[in-house]
Number of protein chains: 2
Amino acid sequence: METTRPSPETIVAALAALAQEHRLAVFRALVQAGPEGMAAGAIAERLGVPASSLSFHLAQLRHAGLITQRREGRSLIYAADYAAMNGLVGYLMENCCGGAGCVDTLSDTLERIAS
Amino acid sequence: METTRPSPETIVAALAALAQEHRLAVFRALVQAGPEGMAAGAIAERLGVPASSLSFHLAQLRHAGLITQRREGRSLIYAADYAAMNGLVGYLMENCCGGAGCVDTLSDTLERIAS
DNA sequence: TCCATATTTCGAGAATTATGGAATTGATGC
DNA sequence: GCATCAATTCCATAATTCTCGAAATATGGA
């Protein structure tokens, strides 16, 4: 049940993947969409990004391991990889959050999400 | 006591700042160093990065609001801005973590940090 | 097989980011 | 004022990333 810890290279790749307006928007949309995911076309329409540009960004997110792809008929369906995201957030909490002080703040945030 | 929520632009800027090998290393070192911070020279030596390159990266981190700068004699001391980092991690937890599933995982992580 | 749909890959140009040596700024002590 | 130390800014170059139209690929139905 224990997942292996992400390396700094993995982390940098994930951060870089999310560090772009369109890609952050794509990822947020996919998280909202849930495990069902969304077809590439639906994402493109929702964000108003040309298909070929979107395809480029989806490839980046996929390469970073943040999203998965499956085919359904003619459509390619993308979905957020929650485990990868948990790995990223976990890394930031452990390595970049400054210990005790952050625990309280982030606990509050988790409570708010849960309720 | 409530801090204002970061906008997506702020988030993208912070992610971009951390999405680089040297800068992630710098930030990690500053988190380890604590509120005291570290002088630019000490960071450069520790990471083995030329002064002018490091200066460039420090400016990026500072511009993204992730670190602070203060002068102490001839040295410029940099320190991690924990509040900014909490803002980033909080945003990711709230917008990019897929709800219930992540709460458990991240709660475990917080417990591990606290102990 | 032929056509329409969904999406990707190709390719070329624009824009941004990273690198590091040399010159510059700011602070300290004599 | 001058020498020294700490760090930044400047500059040119290299490398990477972003954009999007056009062409190519994959799927499903008539």
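The chains referred to below are lettered A, B, ... by the order of the sequence lines, with proteins before strands, and numbering in each begins at 1.
In terms of heavy-atom proximity, B:A33 sits nearest to B:M38 at CB-CG, 3.7 Å. Residues B:Y82 and B:P35 approach most closely at OH-N, 3.7 Å, considering heavy atoms.
For A:S7 and A:T10, the side-chain atoms include at least one donor-acceptor pair closer than 3.5 Å.
The CG-P distance, from B:L47 to C:dA18, rounds to 15 Å in whole Å. The CG-P distance, from A:L54 to D:dC20, rounds to 11 Å in whole Å. Atom pair B:L15:CG and C:dT17:P shows a separation of 14 Å (rounding to whole Å applied). For the pair B:L76 CG and C:dT28 P, the computed distance is 11 Å after rounding to whole Å. When rounded to the nearest whole Å, the span between CD of A:E45 and P of C:dT5 equals 15 Å. When rounded to the nearest whole Å, the span between CZ of A:R70 and C1' of C:dT8 equals 18 Å.
The side chain of B:Y78 places no N or O atom within less than 4.0 Å of a non-bridging phosphate oxygen (OP1 or OP2) of D:dA6. Put simply, B:S53 has a side-chain N or O that comes within less than 4.0 Å of OP1 or OP2 on C:dG20.
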Are A:L18 and B:L15 close enough, and set up right, to give a side-chain contact (heavy atoms from CB on, under 4.5 Å), and what steps lead you there? CA-CA 7 Å; A:L18 292 174; B:L15 290 169; 3.7 Å; yes

Step-by-step side-chain contact (heavy atoms from CB on, under 4.5 Å) determination, A:Y78 to A:T68: CA-CA 6 Å; A:Y78 290 91; A:T68 60; over 6 Å; no

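Residues A:L92 and A:C97 form no side-chain contact, since every pair of their non-hydrogen atoms from C-beta on lies 4.5 Å or further apart.
Hydrophobic clustering of Ile, Leu, Val, Met, Phe, Trp and Tyr side chains at less than 4.5 Å, counting indirect connections, keeps A:L61 apart from A:I77.
No donor-acceptor distance shorter than 3.5 angstrom exists from the side chain of B:S53 to the backbone of B:V49, with no hydrogens or angles considered. B:S75 contributes no side-chain N or O that, together with a main-chain N or O of B:R71, makes up a donor-acceptor pair within less than 3.5 Å.
In the region residues 16-44 of chain B, proximity to DNA chain C at under 4.0 angstrom, judged on heavy atoms, holds for B:Q20, B:H22, B:R23. Within residues 55-64 of chain A, the residues that have a heavy atom under 4.0 Å from DNA chain C are, in order of number, A:S55.
Under 4.0 Å is where a charged nitrogen must lie from a carboxylate oxygen, and between A:R23 and A:E21 no such pair does.
The structure places CE of B:M85 at 9.0 Å from CG of A:N95, a figure rounded to the nearest 0.5 Å.
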List the protein contact pattern of nucleotides 22-30 of chain D with one symbol per nucleotide (5' to 3'): B for base contact, S for sugar-phosphate-only contact, - for none; contact means a heavy-atom distance under 4.0 Å. B----BB--

